Amino acid sequence: MSKTVTRPTAGTSAPVAATTTEAVLEISGLTVAVRGETGEREVVSDLSFKIQRGETLCIAGESGSGKSMTSLAIMRLLPEPAARIAAGSIMLGDLDLATLDERRMRTVRGNRIAMIFQEPMTSLNPVLSIGRQLVEAIETHTGLSGSNARQRAIEALKAVRISEAEGRLKQFPHELSGGMRQRVMIAMALALEPDVLIADEPTTALDVTVQGEVLELLRDLQRQNGTSLILITHDMGVVAEMADQVIIMRHGRMVEQGKATEIFAAPKADYTRQLLAAVPRIGDGAARADGTPITANPAHIAQVRDLQVRFDLHGGFFGGVTRRVHAVEGVSFSIGPNETLALVGESGCGKSTTAKAIAGLVPFSGDIIVNGRSLPGSSSAERKAVRRDVQMIFQDPFASLDPRMRVGDLVAEPMLIHGIGSGQERRDQVASLFERVGLSADQMDLYPHEFSGGQRQRICIARALALKPKLIIADESVSALDVSVQARVLELLKELQREFGIAYLFISHDMAVVENISDRVAVMYLGQILEMGTRDQVFSNPSHPYTRRLIEAVPVPDPARRRIRFERLDKEIPSSTYKVGDAPHKVALQDIGNGHLVAI
């Protein structure tokens, strides 16, 4: 069986062309069944496809469509006996993975077929260091050992732009952000250089620039090794950027399959057209309800002046403070009623820390004034009043809802804490809030696990509205949602703003979403604001090269406009950790086109 790989010429990112007598991986009639109280039901039904060497196949669809169950079936990682392969074959070369015993399957995983999972925290062992897990995988599957395996691990971390890679080997998963944990998982898979790589929502938790670089890394792997890539995602921009072939799934069935150019240019299924219509695109930012942009408002809801947030790091023999993380340095801005200010930037830039400082969740220096009240030096009663005026919607709705409480009680809890209304009045208010966010009052007695991700986020929005706040901080509140659910939640936020005059501090790494919802945009990097202006100023005429890079990194949902190559930076991200007594750097970007990222 002869196989040849034709690599593209320098400067292009065309997929690897392949000539082969058969597919690298071929799925025929795959059916996955799960066991329930009423018997088995199919979550993947009669799915068939094949992928050639060096080809990228994207499987797209909303949550519950069967995408991830398909990938788990291919990897033989279904939670048996609760789920099983009920029918079909999974041919990897001459091996049928569907019938392979577990002992032989362990020799295939990692070596010939590997997977990047969507949830890195559940994929990494919490009691083992990052270095031990990386080195163990490399030693098991590549034959390298000792210092060679450790060096491969360091190179893999650097490839996915993790700063201070050698020091990170000593850290544990809980010490890294969600985006950094995902990069560790990607680094582990890339280091093994498999024949087939399955990536299940690999960039959902990543910043747009890191996403662009990771996608370019995956393309590099294909160029160098002819790796076949199965990319599972709900991001149609990523599909357009990467796919040769596309499969659209819904309710466990394939509704459409074809070349990426054909799917995007002339989708045949109504569901495919709905998915594409819901994709936010830069340049399509929605106009304000009155058609005019927000102007400076002297009646500020929130003012932030020279905000600084630093965290001490202990070390040495006596455990004293030896270093400090300068998470936020000299940040100043204001937000007026009925205005949305977006904070954008990469992981670790200080967006969420800034939000937590405004909400009174972390110590800070500088001044924060909310609805006329200054937080520094305020009494406990004044701080309680500020907390009533400022509410947060967090990134992970399931983690921010107590699984032991009914959702109606969760929404009523803030009113109970602040002594608002009687029991019946609170219940009536909760019922009204449920109706307002598109849920039914009949659902108030259910528990969080009985709702979809989009519904849980609506519950969090209802809870944030319960105290009628002046300012809502939405921290990556739609990043994990399917594109159609995301569109509905964004429209809901805009409707609520028009109705109640709420100010939003909208934190996101998705520039297309930011352009859709924001009035003003502040771009952060290493704890500092590099650029701030109206939405049109920042997106139409960005003044800083870092802002331009953020915008250029957004994948365009059109294969005909696929970029030739996304330039990866050839230097590590500067660290925001300094020795005690050292002054923080002033940040600047120089020679961005040549990949130089520096702090001065």
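These numbers come from the heavy atoms of this one structure, side chains and all, not from hydrogens, waters or symmetry mates. In this chain, residues are counted from 1 in sequence order. A quick note: this is a predicted structure, and the numbers were derived from the prediction, not measured.
The side-chain heavy atoms of Ser65 and His251, taken from C-beta on, include no pair separated by under 4.5 Å. Considering only heavy atoms from C-beta on, Val255 stays 4.5 Å or farther from Ile247 through its side chain. For the pair Pro81 and Arg35, the minimum side-chain heavy-atom distance is below 4.5 Å. Side-chain contact check for Met75 versus Ile113: some heavy-atom pair is nearer than 4.5 Å. Arg53 has its side chain out of reach of Thr227: every pair of non-hydrogen atoms, C-beta onward, lies at least 4.5 Å apart. Side-chain contact check for Arg132 versus Val127: every heavy-atom pair is 4.5 Å or farther apart. Two residues are said to be in side-chain contact when any heavy atoms from C-beta on lie closer than 4.5 Å; Ile393 and Asp475 fail this criterion. Taking 4.5 Å as the limit, every side-chain heavy atom of Leu30 sits out of range of all side-chain heavy atoms of Asp46.
Rounded to the nearest 0.5 Å, atoms OG1 (Thr70) and CD1 (Ile27) are 8.5 Å apart. Atoms CD1 and CE, on Ile130 and Met188 in that order, are 7.0 Å from each other to the nearest 0.5 Å. Expressed to the nearest 0.5 Å, how far CG of Leu95 lies from CZ of Arg104 amounts to 5.5 Å. Note that CZ of Arg181 is 14.0 Å distant from CZ of Phe172, once rounded to the nearest 0.5 Å. Rounding to the nearest 0.5 Å gives a distance of 10.5 Å between CG of Leu343 and CD of Glu476. Interatomic distance, His449 NE2 to Arg404 CZ, rounded to the nearest 0.5 Å: 14.0 Å.
At least one donor-acceptor pair closer than 3.5 Å links the side chain of Ser48 to the backbone N or O of Gly29. In this structure a side-chain-to-backbone donor-acceptor pair under 3.5 Å is missing from Glu201 to Phe117. Looking only at distances, a side-chain donor or acceptor of Glu55 sits under 3.5 Å from a matching main-chain atom of Gln52. The main-chain N or O of Pro448 is found under 3.5 Å from a side-chain atom of Arg456 such that the two form a donor-acceptor pair.
Here the shortest heavy-atom pairing between Val279 and Leu275 reads CG2-O, 3.3 Å. Among all heavy-atom pairs drawn from Ile263 and Leu276, the shortest one is O-CD1, 3.9 Å. Across all non-hydrogen atoms, the minimal contact from Asp558 to Ala240 is N-CB, 3.3 Å. Closest approach of Arg219 and Met242 over heavy atoms only: NH1-SD, 3.4 Å. Of all heavy-atom pairs spanning Ile232 and Ser71, the tightest one is CD1-CB, 3.4 Å. Residues Gly66 and Val44 come closest through the heavy atom pair O-CG2, 3.6 Å.
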| request: Check step by step if side chain to side chain contact (heavy atoms under 4.5 Å, CB included) holds for Leu169 and Arg150. | output: CA-CA 9 Å; Leu169 296 181; Arg150 188 174 186 276; 3.9 Å; yes

| said: One pair to check against side chain to side chain contact (heavy atoms under 4.5 Å, CB included): Leu192 and Asn111. What are the steps and the verdict? | reply: CA-CA 7 Å; Leu192 302 180; Asn111 242 351; over 6 Å; no

| said: Between Glu164 and Lys170, is the salt bridge (charged side-chain N to carboxylate O under 4.0 Å, His left out) condition met? List the steps. | reply: CA-CA 11 Å; Glu164 301 175 326; Lys170 302 175 184 178; over 6 Å; no

| query | Between Thr56 and Gln245, is a side chain to side chain contact (heavy atoms under 4.5 Å, CB included) present by the stated rule, with each step listed? | reply | CA-CA 7 Å; Thr56 298; Gln245 299 287 330; over 6 Å; no

| request: Just do the side chain to side chain contact (heavy atoms under 4.5 Å, CB included) check on Asp244 and Ile51 with the steps written out, would you? | output: CA-CA 10 Å; Asp244 300 309; Ile51 182 170; over 6 Å; no

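Residues Ser89 and Asp96 bring no donor and acceptor atom of their side chains to less than 3.5 Å of each other.
Ion pairing between a basic and an acidic side chain is recognised when a charged N comes within 4.0 Å of a carboxylate O; Lys158 and Glu155 show no such pairing. Ion pair Arg168/Glu175 not flagged as a salt bridge, since none of the NZ, NE, NH1 or NH2 atoms sits closer than 4.0 Å to an Asp/Glu carboxylate oxygen.
More than 12 heavy atoms of other residues, nucleotides or ligands sit less than 6.0 Å from atom CZ of Arg112.
Residue pairs satisfying the salt bridge (charged side-chain N to carboxylate O under 4.0 Å, His left out) criterion with at least one member in residues 248-258, sequence neighbours excluded, are absent. Sorted pairs that involve residues 134-145 and meet salt bridge (charged side-chain N to carboxylate O under 4.0 Å, His left out), not counting sequence neighbours, are lacking altogether.
Residues satisfying the salt bridge (Lys or Arg N to Asp or Glu O under 4.0 Å) test with Arg152, not counting sequence neighbours, are none.
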